[in-house]
Amino acid sequence: MPEDSPNRRSLSRRKFLRGAGTAIAVTGAGALISTKVNGDATEPAEQGGTAQEGLVDVTLKVNGKTHQLKLQPRVTLLDALRERLQITGPKKVCDRGNCGACTVLRDGKPVYACLTLAVDAQGSEITTVEGFGTPEKMSEVQQAFVEKDALMCGFCTPGFVTAVTAALKKNPNADNEELRRACRGNICRCGTFNRVFEAAVEAAKKMKGA
Amino acid sequence: MQDVRWNDPKTTQYVNKHVPRVDGPGKVAGTAKYTFDIVLPGMLYGKILRCPHALATVQAIDTSAAKAMPGVRAVIEMAREGATMRYAGQEVAAVAADSEEIALDAIRAIRVSYDVQSHAVTTLTAMKDASRVSAPEEQARGQDPGQFWSSAAAVIEEEYYCPVRGHLCLESHGIVFRWDADDRATCWVSTQAVHGVAGELSGGLGIPQENLTVICEYMGGGFGSKFGAGVEGATCARLAKAAGKPVKLMLDRYEDQVAGGNAPDAYMKCKAAMAADGKLLAIEADLYGTNGPGRGWGVPFPYIYGVPNFRVRTHSVSTNAGAARAWRAPGHPQASFLMESVVDELICKLGLDGVKVRQMNQGSQVRSAQLELGAAKIGWERRNKNPGQATGRYQRGIGCAVSTWGGGGRGGSRCDVKIGQDGSVWAGIGTQDLGTGARTVVAMIVAEDLGLPLERVKADIGKSSLGSSVGSGGSVTTASIAPTIKMAVLAARARLFETAAPLLGVTAGELECAKGRVQARGNPSKSLRFEEVCAKLPAGGISESGSWNGALQQGGVAGAQFVEVEVDTWTGNVRPIKVVAVQDCGYAINRLTAESQVIGGVIQGLGMALLEDRRMDVPTGRQLNANIESYRVIGAMEVPDVEVVLFDTHDKVAGIGEPPVIPTAAATINAIYNATGVRIRTLPATPKRWFDALGAKS
Ligand code: FES
Ligand code: FES
């Protein structure tokens with residue numbers, strides 16, 4: 001039986017898309033597209049328990065702590081962190097991999113938490129911006145962001161801090177250009193870029209000095 | 001207390017200096033809680049179903065399937081049967097459910113039938129239907145412009161267009177609403193006006209305003225789009241009431257872009273004349289633009305430059321697209337692009353010096369000096385004297401443009417300052433920090449006049465339970481709150497001196513606060529530690545408040561910007577190289593955050609010049625790019641070097657949140673012309689537009 005046959009008992013393609021939280025089918029497109037693209041006008045959403053069905057056990061290791069959750073498989077790592085664990089440093093902005101505000105480290109590498117399913121993040125060490133330092137004891141990168149005023153509203157800031165931290169972890173000798181490239185996947189609407197780059201260079205200097 | 005002034009910058013420790021923001025650590029460490037971050041026990045998630053048609057009548061709404069879904073706690077119809085939906089994205093119904101996922105499923109299960117009508121979603125298509133165009137409003141001065149067309153040294157006749165742009169605040173619009181009793185509630189709102197929202201929502205809900213606490217400790221950008229809680233705010237409150245639980249309702253990116261406001265467009269047909277010496281003579285123009293379904297569109301035109309003879313007709317066009325809202329310096333960036341393009345075309349026709357001609361045609365000495373300074377900083381003499389003559393793949397050029405803004409403050413605010421017997425200092429005012437640094441301004445002013453380290457002051461903002469304050473729009477915040485804070489801390493300090501004077505054996509008038517001590521002025525040997533004085537305060541310590549003092553602020557700011565670009569003539573790609581932004585800032589309370597504001601304005605202005613464009617699909621009436629991947633904004637790789645010059649003009653506070661965004665796009669377009677001799681008259685200046693303009697030229 002073909003994968004996407006609606007009769008396949010285990011997981012229809014449509015259900016999978018809904019269940020998996022794929023950006024276009026579920027999260028980003030929102031209500032409007034769903035009425036059209038998913039053809040719900042002719043095919044009513046299933047009733048009776050579908051929304052609750054299929055909760056799975058998920059174990060997440062975040063900032064060194066292990067958390068047990070029961071989630072639908074479609075729940076993204078971002079929503080699991082923010083809404084279930086109240087780890088709200090990573091921000092939800094585009095929910096489809098365009099802005100970098102949700103960036104976290106997965107085994108040390110930056111990933112978009114909005115494009116990562118919580119179930120898939122199991123077995124990895126997740127580090128969020130909260131894991132780098134606290135307001136009282138900031139990391140070098142965090143400290144440099146504050147000193148250089150590399151933030152205004154601050155909503156993009158955890159993403160930038162994470163991207164820069166990851167870049168410096170990967171290459172402590174990263175130069176201005178490389179640090180700028182590390183921020184390619186992040187959007188700041190307030191327009192703090194210039195000072196973000198300054199802060200990144202400053203942090204690199206300090207980290208090498210230390 | 002009448003003759004109050006701002007502190008002499010030579011003597012200050014914080015005020016008028018570069019001070020890192022006090023809430024920076026919380027923001028970089030991810031502990032600052034925005035509205036979007038609020039999670040309450042038992043909280044439900046709200047979602048809104050939106051109309052997919054640009055113009056339609058609702059025939060029937062069937063919510064029964066949604067109501068029957070497990071986990072759905074409330075369903076509300078936001079549109080009635082028979083209601084007209086005026087844009088794709090207008091609210092139809094809302095649900096609250098145990099999780100966001102269930103809420104999404106539930107709105108999908110709502111059945112709505114529509115009678116769809118034919119729409120018009122852009123100004124240019126809607127203009128063809130006379131019923132959508134308001135009767136023109138005409139403004140005129142001097143003689144009939146028509147008499148200059150044959151005699152003037154330079155005349156141009158052109159059309160210009162600047163598209164609708166989005167706000168794209170990274171934190172979308174939204175609210176978390178909790179009923180604490182039948183007529184008492186608390187809500188967290190991403191807003192530019194906590195007191196304004198308290199009035200709006202309590203009125204709408206029919207509860208006393210003092211029973212509603214509105215909280216916005218941190219907010220992820222507003223840019224003019226977040227004054228009210230809006231229809232989603234009131235809906236969230238209703239859902240929470242119906243479900244008997246708190247509800248969080250944050251718009252997603254799509255919703256935010258179609259329904260959360262935008263900056264209106266501007267289309268202009270214009271004829272203009274300049275004399276051989278560069279004096280503007282005459283302008284005749286027809287301006288069109290849309291605020292969405294409503295009317296009342298307009299931009300200030302002619303802009304800044306004195307035009308002795310003009311006739312300008314403004315036509316407001318109604319379209320089936322989301323409504324406009326204030327967008328950082330409403331109308332000015334558009335006006336600047338239109339006016340500066342016209343002026344630059346005339347200047348270039350005559351081969352004159354763009355800086356000199358601009359100085360000659362406007363009346364502000366400050367702006368004139370700014371043009372001079374900016375020209376020196378960017379190296380204006382390096383510009384192409386003969387645009388279009390350069391050869392080679394990459395061609396560079398420089399352009400400039402100017403701005404004007406108010407930035408004065410308003411009365412009606414109250415700041416409270418409390419000093420405890422334990423030496424603690426608290427200052428509260430019901431303002432909000434949009435990223436501008438308002439919280440830091442509170443702490444700085446109080447710390448300065450009490451001679452304390454910044455971290456000793458607890459600055460409390462972002463709650464409607466605090467003293468009233470203005471909404472943060474029109475760049476009025478700093479000029480409205482800073483004088484109020486100053487008056488409050490001076491009142492508190494006077495009380496402190498009353499206690500200290502007998503202890504030190506001097507009169508209160510001889511005392512000052514410095515370096516954590518209260519001392520006889522200029523005589524540290526006669527002093528007490530701040531805490532020692534506090535310990536002697538009457539029971540309850542000091543609790544004083546201050547109100548606005550207009551003598552400490554002054555509006556009316558000028559600015560000038562220069563942009564250097566490099567155009568790749570093989571691809572049409574424009575790369576900004578350097579921007580010099582000279583901004584009149586009165587007496588800057590915090591130079592560091594003021595500079596950040598200017599940089600931010602420039603970056604957004606570059607986005608307007610090169611990338612930002614709301615694209616509507618004419619056949620379906622939907623926005624094609626209601627997201628961040630195809631509604632492009634400036635990113636890391638496009639950012640040029642930005643040099644900010646804060647142009648100190650006087651010793652009174654002025655707001656500068658908005659003006660830095662005004663002239664950047666115009667200066668960029670003029671720079672592209674200077675580099676390549678190609679005039680782009682439709683924003684944004686994409687590679688295709690550059691090639692189109694090149695083709696039109698030959
Ligand atoms: S929220 Fe994940 S990239 Fe934008
Ligand atoms: S600081 Fe506001 S979006 Fe970057």
Side-chain angles (χ1 to χ4, degrees), chain A residues 26-32 34-36 38 40 44-45 47 49-52 72 74-75 79 82-83 86 88-89 91-96 98-99 101 128-130 133-135 138 142 145-147 149 151-158 161 180 183-184 186-187 189-195, chain B residues 20-21 24-34 36-37 39 47-50 52 65 68-71 88-89 100-102 104-105 107-109 168-171 218-221 252-255 434-436 592-593 596 599-604 627-629 633-637 639 642:
Chain A
V26 175
T27 43
L32 197 148
S34 71
T35 57
K36 273 298 190 194
N38 287 350
D40 279 0
Q47 291 175 33
T50 56
Q52 308 266 38
Q72 287 189 328
R74 63 170 147 171
V75 174
D79 283 342
R82 290 177 49 79
E83 304 297 337
Q86 300 191 32
T88 55
K91 300 290 184 243
K92 182 152 153 180
V93 172
C94 69
D95 209 19
R96 57 201 276 180
N98 302 139
C99 75
T128 70
V129 73
E130 289 97 331
T134 62
M138 290 181 277
Q142 290 168 327
F145 266 66
V146 174
E147 275 166 19
D149 206 38
L151 68 154
M152 285 192 248
C153 80
F155 213 69
C156 68
T157 308
V161 167
R180 178 189 283 244
C183 299
R184 263 182 318 189
N186 296 69
I187 292 292
R189 186 50 163 168
C190 297
T192 58
F193 295 100
N194 303 67
R195 289 185 154 170
Chain B
R21 52 189 82 215
K27 289 182 179 180
V28 298
T31 56
K33 290 282 177 193
Y34 297 74
F36 215 141
D37 299 334
V39 178
K47 280 279 165 203
I48 294 175
L49 176 70
R50 295 177 183 273
M69 288 174 74
E100 199 175 347
E101 294 80 25
I102 298 173
L104 270 169
D105 288 347
I107 55 169
R108 283 193 188 112
L168 230 91
C169 315
L170 287 202
E171 182 180 33
Y218 298 92
M219 62 108 64
D252 70 17
R253 193 48 42 190
Y254 172 85
E255 299 178 283
L434 284 56
T436 49
L592 185 68
T593 52
S596 287
I599 297 172
V602 166
I603 298 295
Q604 283 187 340
N627 51 56
I628 306 186
E629 74 262 29
V633 297
I634 293 286
M637 302 317 281
V639 169
V642 181

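Every chain is numbered from 1, with letters handed out A, B, ... down the list of sequences.
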Pairwise side-chain contact, A:D95 with B:R253, heavy-atom cut-off 4.5 Å (strictly under): no

Check this for me, if you would: do B:R21 and A:E147 make a salt bridge, where the nitrogen-to-carboxylate-oxygen distance has to be below 4.0 angstrom? no

Chain B shares the most heavy-atom pairs under 4.5 Å, among A:Q86, A:M138, A:E83, with A:E83

Against chain B, label A:V129 side chain, backbone, both or neither, depending on which of its atoms sit under 4.5 Å from a heavy atom there. both

Taking only residues two or more places apart in sequence, or in another chain, which ones meet B:F36 in a ring pair (Phe, Tyr, Trp, His ring centres under 6.0 Å)? none

Ring-plane angle category for A:F155 and B:Y34, please: parallel below 30°, perpendicular beyond 60°, tilted otherwise. perpendicular

B:M219 versus chain A, heavy atoms under 4.5 Å apart: side chain, backbone, both or neither? backbone

Are the charged groups of A:K92 and B:D252 less than 4.0 angstrom apart, N to O? no

Across all chains, not counting sequence neighbours, the side-chain hydrogen bond (donor to acceptor under 3.5 Å, both in side chains) partners of B:T593 are B:N590

Using a cut-off of under 4.5 Å on heavy-atom pairs, state which of B:T31, B:V602, B:L168 scores highest against chain A. B:L168

Quick check on B:K47 against chain A: is it the side chain, the backbone, both or neither that has a heavy atom closer than 4.5 Å? neither

Taking every heavy-atom pair that is under 4.5 Å apart, which of B:V39, B:D37, B:I603 has the most such pairs with chain A? B:D37

Choice from A:G133, A:G191, A:P135, A:G89 maximising heavy atom contacts with chain B below 4.5 Å: A:P135

Do side-chain atoms of A:R184 reach the backbone of B:M637 as a donor and acceptor pair under 3.5 angstrom? no

4.5 Å side-chain heavy-atom contact, B:Q604 and B:I634: no

Contact origin within A:T192 toward chain B - heavy atom pairs under 4.5 Å: neither

For A:C99, is it the side chain, the backbone, both, or neither that has a heavy atom closer than 4.5 Å to a heavy atom of chain B? side chain

Using a cut-off of under 4.5 Å on heavy-atom pairs, state which of B:L170, B:I628, B:I599 scores highest against chain A. B:L170

Can you tell me which of B:G30, B:C169, B:S596, B:G220 forms the most heavy-atom pairs within a distance under 4.5 Å of chain A? B:S596

Checking A:R195 against chain B: side chain, backbone, both or neither under 4.5 Å from a heavy atom? side chain

